[in-house]
Amino acid sequence: RALADAGFVCLRFDLSGRGDSAVRRDARAFEESSVLETRDAMDYLQRIRGVGTFLLGGLCSGADVSHMTALEDPRVLG
């Protein structure tokens, strides 16, 4: 909230099966589906807000997913 209040475009979301999000109905492994979902979130922000580069953050598995996504998507700067 502090970053958003400072003018940064921010999005907080739960990956499938975490927090308030429903469980996926396909057989994808978490390592694959979590990166896909993160990239979907980035695509959404790019489409509605014109954001082209991203800084990802997370705790526990969120940090791991941020790192895995950065390895696959050049839009992730950090």
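Treat the numbers as computed from the prediction; the structure is a model and nothing was measured.
The side-chain contact (heavy atoms from CB on, under 4.5 Å) check on Leu71 picks up His67, with sequence neighbours excluded. Applying the salt bridge (charged side-chain N to carboxylate O under 4.0 Å, His left out) criterion to Asp40, with sequence neighbours excluded, gives no partner residue.
Within 6.0 Å of atom CD1 in Ile48, more than 12 heavy atoms from other residues, nucleotides or ligands are found, so the atom counts as buried in its surroundings.
Gly58 and Ser66 get closest at one heavy-atom pair: N-OG, 4.1 Å. Taking both residues in full, the closest heavy atoms of Arg75 and Arg39 are given as NH2-O, 3.9 Å, listed atom of the first, atom of the second, then distance.
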Would you mind writing out the side-chain donor-acceptor pairs for residues 3-19 within the sub-3.5 Å range, not counting sequence neighbours?
residue, atom, partner, partner atom, Å
Arg12, NH1, Asp14, OD1, 3.1
Arg12, NH2, Asp14, OD1, 3.0
Asp14, OD2, Asp20, N, 3.0
Ser16, OG, Glu37, OE1, 3.3
Ser16, OG, Glu37, OE2, 2.6

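In the hydrophobic clustering of ILVMFWY residues, with side-chain heavy atoms under 4.5 Å counting as a link, Phe54 and Met68 come out together. One hydrophobic cluster, built from ILVMFWY side chains closer than 4.5 Å, cannot hold both Leu36 and Met42; they sit in different ones.
For the atom pair CZ (Arg24) and OG (Ser34), the distance works out to 9.0 Å, reported to the nearest 0.5 Å. Taking CG from Leu45 and OG1 from Thr53, the interatomic distance works out to 11.5 Å, rounded to the nearest 0.5 Å. Here Glu31 contributes atom CD and Asp64 contributes atom CG; the two are 9.0 Å apart, rounded to the nearest 0.5 Å.
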